[in-house]
Number of protein chains: 2
Amino acid sequence: MRVTIADVAREAGVSKTTVSRVLNTKADVDAGTAARVREVIDTLGYVPSSGAVGLARGRSRTVAMLTPPLTWPWMGEVLQGVVDTVEAAGYGLLLFTCNRGAESVDHFTGQVSARAFDGLLVIEPENTLDTITAMHRRGLPVVLIDDRGHHPEFPSVATTNRAGGASAARHLLTAGRTRPLLVTGPAAFGCVRERTEGFTGVLPTGLVVEGEFTEASGRHAVEQALAAGMSFDSVFAHNDLIAAGALRALRDAGRRVPEDIAVVGFDDIPMARHTAPPLTTVRQPMRQMGETAAGLLLARLAGEPIGDEPVVLPTELVVRGSAPGG
Amino acid sequence: MRVTIADVAREAGVSKTTVSRVLNTKADVDAGTAARVREVIDTLGYVPSSGAVGLARGRSRTVAMLTPPLTWPWMGEVLQGVVDTVEAAGYGLLLFTCNRGAESVDHFTGQVSARAFDGLLVIEPENTLDTITAMHRRGLPVVLIDDRGHHPEFPSVATTNRAGGASAARHLLTAGRTRPLLVTGPAAFGCVRERTEGFTGVLPTGLVVEGEFTEASGRHAVEQALAAGMSFDSVFAHNDLIAAGALRALRDAGRRVPEDIAVVGFDDIPMARHTAPPLTTVRQPMRQMGETAAGLLLARLAGEPIGDEPVVLPTELVVRGSAPGG
DNA sequence: CTGAAAGCGCTTACAG
DNA sequence: CTGAAAGCGCTTACAG
C-alpha cells in the first residue's frame, strides 16, 4: 500500500542502504546514483516513516510540552513561540496538560518512559516539579519556562521580575504618586517576592495586600482597602487580572482612574489593551520566552552544551491610560 | 540500557510473545503465568516503547491538531477540550499551526506522509482546506472544528449560528430596542451570513456594516456610523472583539452603554466579562466543541462508524451589563 | 562507491 | 496455553 524504502530501492535498482544514504545526505554516494534515487523518491512521493526512523535511530525528533491550563491568558503567546521554533527545526510538538489529576500524570509519565519524545519543555509545573527533576536526573533533557521564580537544577527561562517591579515604581513616582497600594500574588512564589522588592526599593509603602493571580482577588483586595479607609493614590498589581479587578472595584466605588488613582499591572495579556481605561503594565515577553526555551532544548538535543544558568529576559513598561506618563 | 520486552521475557522465563499477550491482555494466558509476568514488569519498571509498538501495529496512537494562531482569544478553551479528551483516551496530541508560510505547510504535510499520527483535527484552515480534503480522500481520518461555516466532505463540529443571531435579536427586542446596528465579520464566511439572517429574521434592520473580526474593525465601524449620523439604539457585533471595539468607540463618543446604546457580542471569550460594562454575548461552547471533535475522531479511529453530518452544538445568550434584560 | 545482514523493540499469524 | 519466526520500515557497522 504505502511506499517504503524497499520500493524506492527496487525502482532505482540500488540497495536500501544506498537509498538511506541519499535520504540522509551522507557523503560517498555517486552523484549519478544519488540523482537517480532522488528522482525515484520524487515520482513515487516517498516519505520515510517517522516511526521506523525513530525506532532505528533511537530518537523521535519530537519534543513534549507540559503546561498549566491552556486557558491562562498568556498561554497562547508562549505556545505560539514554542510551536514556531519547534516546527522550524523540523521537530514535532506533543502537548500535555495533566489537567485531570493523577490519571493524566500517569499518562504523561507513561509517555516519558515509552520514549515518545526526546526532550521536555515545562511551564510552571506547580505540583510536578519533583517528578520532572527526577526525569531530568534519569537523562531526559528538560527546560523550564517560569514566571513563578522556581530554581530548578536544569536550564530555565525567566524574566526580570525585580527590574519590572522597579520600573513600575519609577513610573508612578515620576507621575507624582507617592502612596501606592500593592496587591501581590501568593507570597510563596519567588516572582512575588522579587516584584515586591523591586517596587518597594524605589517606592516604599506599608500598604501591601497578598492576593491570588485572579480578577476576583484584585477586586476584593481593593474593596477591602477602600472599606478599611486606606488612603492610596495608585495600585501596583502583580498581574493584569488582579489589575482588571482593581479597575472594576475602583470604578464601582466611584474613583476615577487615573485621575484619583493610577493602576499598573504585570504581564501585558491581550486583555490589557481592552480594559477601561487600557492598562499600563509591565510586559513579560511571553512569545520570546517560548522561543528561547524551545531553542535551548533543541540546542541541547543537537548536542550543543547549554549551561544550567537561567536565561533572564527583560521586561518592559507599557504605558497606557490607567497610569499615563508623569 | 533501557529495559525491553526481551528483558522481561528472560526474567519471567517466558517468550516475548507471552509478554506481549499479557501486555495487551489477550485471552488464553495462564493466570499464574500472567501474574508472574506482570510482577516482573512492575519490578523492572518496564514500559513498551511507543515507537516500536507503533511500527509493529501500523498506528501511532497519536492524533494531530492543525490550528490558526494560538493567540486567538478562544483557542485556549478549544485546545483544553481537545487535550483533555485525547489524553483521557491514552492518545498523544501533536500540535501544528502552519504559521510560517509555505515552509511550515511542507513540514506539516511531511508529517502526514510520514504517518506520524493516525488522525487529524483541524480548526478553520483558511487556506489549506483543499489540502486537508485531499488528505482525507487518501484515507486520513479528519474532523473539522469550525465557526466559519465551511462545509467539508468530512465530519465537523459547528454551532447554531442562526439561532444565536436570533437570540441576540430577541433579547434586544425584549429590552425595547428597535434600531440595531449590525457589525458583521467578512461576508465570505458562512457563519456571518447565518448570524445576520438569524438576527434580521427577528429584528430587521438596514444598518449593516461589514467588518473584520477585530477590535479595530469594531471601533472603526461604530465611529463611521456615528460620524455618518446613523441613528441606532443597539449594536449586534459578530464577535466579542468587534463588540469591545464598539464599546470603546461609544465611550469615546460620550454615548452611555447600555442606557443610550446596548451592545451584544458573539463568542463569550474570557475578555467579555472584563470590558466596561461587561459584555452581553452569544456564547459558543468552545471547550465542548474541542471535546466533541476529539471524541468523534477517536471514535472513528476505534472503528466506530461516524456520519459526515456536522454535529451542531447550541449557543447560549449570556446576559451582562452591556445589554441587560428588558 | 555499494550492498548483505543485523538490529531497533515490538506484534502477529502459524504451529504445536 | 505457549513459543519460534517473520515482519513492521528504517539505520548502521562491516565487508568488499
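Letters A, B, ... are given to chains in the order of the sequence lines, protein chains preceding strands, and every chain is numbered from 1.
- Atom CZ of B:Arg10 and atom P of C:dC10 are 12 Å apart (whole Å).
- Ring pair A:Phe108/A:Phe117 is parallel by interplanar angle, where below 30° counts as parallel and above 60° as perpendicular.
- For A:Thr4 and D:dG9, the shortest distance from a side-chain N or O to OP1 or OP2 is not below 4.0 Å.
- Between A:Arg100 and A:Glu103 there is a salt bridge, with a side-chain nitrogen of the basic residue lying less than 4.0 Å from a carboxylate oxygen of the acidic one.
- Look at B:Thr18 and you'll find a side-chain N or O under 4.0 angstrom from OP1 or OP2 of D:dG3.
- The separation between B:Arg2 atom CZ and C:dC10 atom C1' is 11 Å, rounded to whole Å.
- For A:Arg137, the salt bridge (charged side-chain N to carboxylate O under 4.0 Å, His left out) test picks out A:Glu153, with sequence neighbours left out.
- Scanning for salt bridge (charged side-chain N to carboxylate O under 4.0 Å, His left out) contacts around B:Glu124 gives B:Arg148, with sequence neighbours left out.
- B:Val311 is listed as a side-chain neighbour of B:Leu313, based on a closest heavy-atom distance under 4.5 Å.
- Closest-nucleotide positions on DNA chain D for B:Gly13 and B:Leu55 were compared, and the one nearer the 5' end corresponds to B:Gly13.
- Contact annotation for A:Asp30: backbone-only contact, meaning every heavy-atom pair under 4.0 Å involves sugar-phosphate atoms and none involves a base.
- Using modelled atom types and a 3.5 Å distance limit, the side chains of B:Ser60 and B:Asp118 yield a donor-acceptor pair.
- Looking at residues two or more places apart in sequence or on another chain, you find a side chain to side chain contact (heavy atoms under 4.5 Å, CB included) between A:Thr85 and A:Glu291, A:Ala294, A:Leu298.
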TODO: Sugar-phosphate means primed atoms, P, OP1 and OP2; the rest is base. With that split, encode nucleotides 11-16 of chain D 5' to 3' as B, S or - using protein heavy atoms under 4.0 Å.
DONE: SBB---
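- Listed by chain and number, the residues in a ring-ring contact (aromatic ring centres under 6.0 Å, His included) with A:Phe154 are A:His136 (sequence neighbours excluded).
- When base pairs are accepted only as Watson-Crick or G-U wobble with both N-N or N-O distances under 3.5 Å, DNA chain C takes part in stems of 3 or more pairs at C:1-3 with D:14-16, C:5-12 with D:5-12, C:14-16 with D:1-3.
- Put simply, CG on B:Asp7 is 13 Å from C1' on C:dC10, counting in whole angstrom units.
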